[in-house]
Amino acid sequence: MKTIAVFTGTRAEYGLLHPLLTKLARHPEMDLQLIVSGMHLSPQFGETWRTIEADGFAIDAKVEMLLASDTSCGVAKSMGVGVIGFADALERLRPDCLVILGDRYEALAIAQVAAVMRIPIAHLHGGELTEGAYDDPIRHAITKLSHYHFVASGEYRQRVIQMGEQPGSVWNVGALGIENIRTVPRVPLSAINEKFKLDLKPPFLLVTYHPVTAGDEDSEQTFGNLLAALDEFPDHQVLITYPNADNGGHRLIQRLEQYASERTNRVFAVPSLGMQCYLSAVEHCDAVVGNSSSGVIEVPSLKTPTVNIGVRQKGRLAAASVIHSGTTREAIQEAITQALAPRAQQVAETCENPYGSGETSARIVDILRNEPPPGAKRFHDISGPHEE
């Protein structure tokens, strides 16, 4: 019996991990442990740990780490608080392997602890690029701390190997989010309205904008330009979800709440839709607008156009249905107009998503079950000419 601990710190990450958690929980040779932290435990972000328990998963450790401050200093201190809590949790649980998805600072905090405690790490979604967020070097740092690598494309596999990881420890399994699209039943718009007490009707835009934590983009200015651009489409309602708990996120939440309160019949703000309602809303909306990874990775498989604003997702592979936009009001307005045009809808219906076909979690479970415990990590040198 192998004990596999899975870490989750955000609503989006949990949604992606859901099919993997389900298979681990049901596997006769696997013992699932679930470590929950970050935004899940925050009332401001909807206390989404309740959703995890409602889905039938037992939470083995809750680790509080988020401080009230969303400054860079506050985020760094939150990581320190997390390290202390994760050390206690992993000392008690002592799993055979820790599964971490992605690139956030919460994930780096627990990865550091696992590495020091010599707990092997299985990392999902390594090798990707997001040049507009400090998540980018965090992702690569977690890769170097990890022993098993489950990547979403062949290009990302090559990049992980380029970073010195052994080719035999890197598997291209596709993106977990695509599996959710294949397996999670959708709900009608009326069910979303009833759950969140909305009066949402087609046509509408689904919007999520996260702070940009690296590069020169001013998140507040871009977000203001986005809100101004949305006003240029008065015939469309707007469903807008909260940003992540990143630097400056609190100020964006204040602005979107004020924006929604001044447009009560047209704009609806929701902290977290949850996986099923989010995927359903994507299918019901005319376009997904913002800078979330879901707009680039999952939304193309739902045949809905995406407007990807600014630099946060710069560097990711993207389907032809993803329209990349600048950050001015005019650029965002033009991109939304393009996304609403018949041509964009046609492209979304026919384009291929580069993130796989959606048979991911079973492959990950099979590999984790059959792979022997890893030994000491060895750097894989790529042969080629060397400078004298």
[Y] backbone acceptor or donor facing [X] side chain under 3.5 Å:
| X | Y | result |
| --- | --- | --- |
| Ser37 | Val63 | yes |
| Glu371 | Leu368 | no |
| Thr208 | Ser292 | no |
| Thr360 | Val173 | yes |
| Arg312 | Thr130 | no |
| Asn370 | Asp366 | yes |

Item to check | Phe150-His125 aromatic ring centre distance below 6.0 Å | outcome: no
Checklist entry - How about Phe7 and Phe86: are their ring centres within less than 6.0 Å of each other? => result yes
Within a 6.0 Å radius of atom [atom1] on [X], are there more than 12 heavy atoms belonging to other residues, nucleotides or ligands?
| X | atom1 | result |
| --- | --- | --- |
| Arg343 | CZ | no |
| Lys77 | NZ | no |
| Lys201 | NZ | yes |
| Glu194 | CD | no |
| Glu352 | CD | no |
| Gln166 | CD | yes |

Checklist entry - So Arg266 and Asp231, salt bridge (charged side-chain N to carboxylate O under 4.0 Å, His left out) or not? Walk me through it. => result CA-CA 10 Å; Arg266 179 174 165 262; Asp231 281 340; 3.5 Å; yes
Looking at every heavy atom in both [X] and [Y], which two are closest together, and how far apart are they?
| X | Y | value |
| --- | --- | --- |
| Arg157 | Asn172 | CD-N, 4.3 Å |
| Asn225 | Thr328 | ND2-CA, 3.8 Å |
| Ala114 | Leu98 | CB-CD2, 3.7 Å |

Checklist entry - Are Gln338 and Glu334 close enough, and set up right, to give a side-chain hydrogen bond (donor to acceptor under 3.5 Å, both in side chains), and what steps lead you there? => result CA-CA 6 Å; Gln338 183 180 343; Glu334 181 180 348; over 6 Å; no
Test item: side-chain donor near acceptor, [X] and [Y], under 3.5 Å:
| X | Y | result |
| --- | --- | --- |
| Gln313 | Arg316 | yes |
| Gln345 | Glu349 | no |
| Tyr14 | Asp55 | yes |
| Glu257 | Tyr242 | yes |
| His324 | Asn308 | yes |

Item to check | Steps toward side chain to side chain contact (heavy atoms under 4.5 Å, CB included) verdict (Leu16, Ile297) | outcome: CA-CA 11 Å; Leu16 298 177; Ile297 297 175; over 6 Å; no
Item to check | From CA spacing to verdict: salt bridge (charged side-chain N to carboxylate O under 4.0 Å, His left out), Arg50, Glu47 | outcome: CA-CA 6 Å; Arg50 300 181 187 277; Glu47 291 187 309; 3.3 Å; yes
Checklist outcome for this item: Exactly one of Val6, Thr8, Ile110 clears side chain to side chain contact (heavy atoms under 4.5 Å, CB included) with Ile35, and that residue is Ile110
Next on the checklist: Set out, in order, the CA-CA distance, both residues' side-chain angles and the distance that settles salt bridge (charged side-chain N to carboxylate O under 4.0 Å, His left out) for Glu29 and Arg369, then state yes or no.
Outcome noted: CA-CA 8 Å; Glu29 299 176 38; Arg369 181 175 68 87; 3.6 Å; yes
Item to check | From NE2 (His27) to OG1 (Thr22), nearest 0.5 Å | outcome: 13.5 Å
Checklist entry - Roughly how far, to the nearest 0.5 Å, is CG of Leu124 from CD1 of Ile100? => result 10.0 Å
Checklist entry - Step by step, would you call Glu179 with His18 a side-chain hydrogen bond (donor to acceptor under 3.5 Å, both in side chains)? => result CA-CA 10 Å; Glu179 182 168 345; His18 190 275; over 6 Å; no
Checklist entry - Which of these passes salt bridge (Lys or Arg N to Asp or Glu O under 4.0 Å) with Glu165: Arg378, Lys144, Arg159? => result Lys144
